[in-house]
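Below, all heavy atoms of this structure are taken into account, side chains as well, without hydrogens, waters or symmetry copies.
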Amino acid sequence: MSDQLITPKAIRKQLGMNQHEFWSKIGVTQSGGSRYESGRNMPKPVQELLRVVHIEGIDLSQIRKDDIRALEYLKSNHPNLFERIYDEAHSAV
């Protein structure tokens with residue numbers, strides 16, 4: 001995601017959300033989000049949260065530490081199985 005090409009405001013408008021709805025999903029206040037939309041530098045962690053939540057469509061409230069550990073284990077110790085599951089999950093969408 002390039003800041004010059006896709007702005008947070010453009011993403012928010014495309015999703016049909018107001019500032020409060022959009023920014024609160026990633027833990028940013030409406031006023032903070034407004035400043036980012038006006039051109040203030042957005043920290044890298046906020047950029048990544050915006051990408052994960054609003055571009056990738058991941059609901060952060062559904063992610064658990066144990067889920068991440070299980071994925072990391074599977075990917076490291078059983079890469080072929082991980083790849084097969086990954087491919088099947090993407091073809092089912």
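- Cluster membership for Tyr86 and Ile63, using ILVMFWY side-chain heavy atoms within less than 4.5 angstrom, is not shared.
- Ser91 contributes a side-chain N or O that, together with a main-chain N or O of Glu88, makes up a donor-acceptor pair within less than 3.5 Å.
- Side-chain contact check for Val53 versus Asp59: every heavy-atom pair is 4.5 Å or farther apart.
- In plain terms, the two heavy atoms of Glu56 and Val52 that are nearest each other are CB-O, 3.3 Å.
- Cluster annotation: Ile58 and Val28 are assigned to the same hydrophobic cluster (Ile/Leu/Val/Met/Phe/Trp/Tyr, side-chain heavy-atom contacts under 4.5 Å, transitive).
- A heavy-atom distance below 4.5 Å is found between the side chains of His54 and Met17.
- A 6.0 Å sphere centred on CD of Gln14 holds no more than 12 heavy atoms belonging to other residues, nucleotides or ligands.
- At a threshold of 4.5 Å between side-chain heavy atoms, the hydrophobic network of Ile, Leu, Val, Met, Phe, Trp and Tyr places Val46 and Ile55 in one connected group.
- Ser34 places no side-chain N or O within donor-acceptor distance of the main-chain N or O of Gln30, the cut-off being under 3.5 Å.
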Set out, in order, the CA-CA distance, both residues' side-chain angles and the distance that settles side chain to side chain contact (heavy atoms under 4.5 Å, CB included) for Asn77 and Phe82, then state yes or no. CA-CA 9 Å; Asn77 295 294; Phe82 176 83; over 6 Å; no
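- The salt bridge (Lys or Arg N to Asp or Glu O under 4.0 Å) pairs that include a residue from residues 19-30 number zero, where partners must be two or more places apart or lie in different chains.
- Remark: Ile26 CD1 to Leu60 CG distance equals 9.0 Å, nearest 0.5 Å.
- In this structure, Gln19 CD and Thr29 OG1 are separated by 9.5 Å, a value rounded to the nearest 0.5 Å.
- The aromatic rings of Tyr36 and Trp23 sit tilted relative to each other, their planes meeting at an angle between 30° and 60°.
- Looking only at side-chain heavy atoms (C-beta outward), Ile68 and Arg64 stay at 4.5 Å or farther from each other.
- Atom-to-atom distance recorded for Gln47:CD and Met42:CE is 6.0 Å, nearest 0.5 angstrom.
- In the displayed structure, Glu83 atom CD is contacted under 6.0 Å by at most 12 heavy atoms of other residues, nucleotides or ligands.
- Interatomic distance, CD1 of Ile6 versus CD1 of Ile11, reported as 6.0 Å (0.5 Å rounding).
- Looking at Leu74 and Ile85, their side chains come closer than 4.5 Å, going by heavy atoms from C-beta outward.
- Between Arg69 and Asp66 there is a salt bridge, since a side-chain N of the basic residue sits under 4.0 Å from a carboxylate O of the acidic one.
- Pro79 and Ser76 get closest at one heavy-atom pair: CD-O, 4.1 Å.
- Salt bridge status for Glu48 with Arg51: present, with a side-chain N to carboxylate O gap under 4.0 Å.
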